[in-house]
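See structure below.
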Amino acid sequence: NYYTSGGNAFFGKTIKSALLGNTTGPVPLTGGGEHTIRIQPGQKAIVENNTINHPNSDKVNLTIRAGDHATGSSLDPANDTQYVYVSDNKIISNKNSWVVQIAPASRAQNNWIYDVLFERNFIILGTSGSQVGIIITASDVTARNNLIDMSPTGALSASGIVVVNENTVGVPTPNNNKIYNNTMYNSGAAPDYFGIWIEGIGTTDVTNSVIKNNLGYAPNITDRTFSP
């Protein structure tokens, strides 16, 4: 078990490494706490069979990032993130807006991420500010066979899986991402719930996404349709 009152429960440059069968967090919602698990960068890394409890209220349960990509390089093995496998985890949010982040730390950081497989995870959104189960700004990511329970959230809108391009410093266009066989469930009645959201911001694009055989179910929404 890993618990922290400051910093991350786990933070590392994760190369040929595995996090298996741990209980991480919860991190205090206020004070010096950070993310629960932060991988930056990750190369040939596994995160499997863990219980990942909530981070600080403005952080992320599981964030998969990269280092700053070397300017002018097509590939930067020292800093890019590649070949990360995440499976069979229970990920429990609280007040943070994103539960899982496969994306740069911010739109102003040149973090290149590709070749991530995210499967068979159970994500539970939090009780107030949680809005996104998985956010992706990366390429060659497969998210499949995951269950996302959006019911606990008190936010006015929530999304199961979001692929977005809002980076301003050179991250490649998110390309060739695959979203298969996921289930997004919401038992609440707030108006705006989206199973899967794909968006380029401004003049940016998201290309070659494949979305297939996903299920969104929200039986109690009255103001609008659950949008897959």
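Computed from a predicted structure; not experimentally measured.
For the side-chain contact (heavy atoms from CB on, under 4.5 Å) test, residues two or more places apart in sequence or in another chain that qualify with Asp115 are Gln82, Tyr83, Asp140. Taking the salt bridge (charged side-chain N to carboxylate O under 4.0 Å, His left out) definition, one finds that Glu199 meets it with nothing, sequence neighbours left out.
Across all their heavy atoms, Ala78 and Pro41 have their closest contact at O-CG, 4.2 Å. Across all non-hydrogen atoms, the minimal contact from Ile134 to Ile136 is CG2-CG1, 4.0 Å. Listed here is the closest heavy atom pair of Ile113 and Ala138: O-CB, 3.2 Å. Nearest heavy atom pair, residue Gln109 against residue Val171, reads O-CG2, 3.8 Å.
Here the side chains of Leu117 and Arg144 are in contact, with some heavy-atom distance below 4.5 Å. In this structure, the side chains of Phe118 and Ile123 come closer than 4.5 Å at one or more pairs of heavy atoms. Inter-residue side-chain proximity for Ile46 and Leu20 is flagged as met; some heavy-atom pair is nearer than 4.5 Å. Under the 4.5 Å side-chain criterion, counting only non-hydrogen atoms from C-beta, Asn61 is in contact with Val99. The shortest side-chain heavy-atom distance between Thr137 and Pro104 falls under the 4.5 Å cut-off. Between Asn214 and Thr183 there is no side-chain heavy-atom pair separated by less than 4.5 Å. Between Asn111 and Asp68, some side-chain heavy-atom pair lies under the 4.5 Å cut-off. Proximity of Met184 to Ile196: side-chain heavy atoms (C-beta onward) are separated by under 4.5 Å at one or more points.
Remark: the backbone N or O of Asn53 is paired with a side-chain donor or acceptor of Thr36 at under 3.5 angstrom. Remark: side-chain polar atoms of Asn182 are not paired, donor with acceptor, to backbone N or O of Ile148 under 3.5 angstrom. Side chain of Asn146 to backbone of Arg120: a donor-acceptor contact under 3.5 angstrom is found. Checked by atom type and distance alone, the side chain of Gln131 never pairs as donor or acceptor with a backbone atom of Ala158 at under 3.5 Å. When atom types are taken as modelled, the side chain of Asn79 and the backbone of Ala70 share no donor-acceptor pair closer than 3.5 angstrom. Judged by distance alone, with hydrogens and angles left aside, the side-chain atoms of Glu48 form no donor-acceptor pair with the main-chain N or O of Ala18 at under 3.5 Å. Panel note: side chain Asp80, backbone Ala66; no donor-acceptor pair is recorded below 3.5 Å. A donor-acceptor pair under 3.5 Å is absent between the side-chain atoms of Asn145 and the main chain of Glu119, judged by distance alone.
The hydrophobic clustering, which links ILVMFWY residues whose side-chain heavy atoms are closer than 4.5 Å, places Val100 and Tyr114 apart. In the hydrophobic clustering of this structure, Tyr180 does not group with Val86; members are Ile, Leu, Val, Met, Phe, Trp, Tyr whose side-chain heavy atoms approach within less than 4.5 Å, directly or through other members. Grouping the Ile, Leu, Val, Met, Phe, Trp and Tyr side chains by contacts below 4.5 angstrom, directly or via other members, places Val116 with Ile39. Placement of Val163 and Trp112 in two distinct hydrophobic clusters is found when ILVMFWY residues are connected by side-chain heavy-atom separations under 4.5 Å, directly or transitively.
Taken to the nearest 0.5 Å, the OG atom of Ser159 stands 9.0 Å off from the CD1 atom of Ile135. The distance from atom NE2 of His35 to atom CZ of Arg65, rounded to the nearest 0.5 Å, is 4.0 Å. We find the CD1-CG distance between Ile198 and Asp205 to be 12.5 Å, quoted to the nearest 0.5 Å. In this structure, OH on Tyr217 lies 11.0 Å from CG on Asn186, to the nearest 0.5 angstrom. Distance check: Ser93 OG to Ile124 CD1 gives 9.5 Å after rounding to the nearest 0.5 Å. From Ile52, atom CD1 reaches atom CG of Leu19 across 8.0 Å, with rounding to the nearest 0.5 Å.
At a cut-off of 3.5 Å, with distance as the only test, no side-chain donor of Asn176 or Asn208 sits close to an acceptor on the other residue.
Looking at Asn121, Asn22, Asp88 one by one, the single match for side chain to side chain donor-acceptor pair (under 3.5 Å) with Asn50 turns out to be Asn22. Results of the side chain to side chain donor-acceptor pair (under 3.5 Å) test with Thr207 over Asn175, Thr173, Asn165 single out Asn175 as the only residue that passes.
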Residue pair Val47, Asn89: steps toward the side chain to side chain contact (heavy atoms under 4.5 Å, CB included) verdict:
CA-CA 8 Å; Val47 181; Asn89 301 284; 4.1 Å; yes
Check the pair Trp197, Val164 against side chain to side chain contact (heavy atoms under 4.5 Å, CB included), reporting the backbone distance first and the verdict last.
CA-CA 8 Å; Trp197 183 285; Val164 64; over 6 Å; no
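Counted within 6.0 Å of NZ on Lys178, heavy atoms from surrounding residues, nucleotides or ligands total more than 12; the atom is thus considered enclosed.
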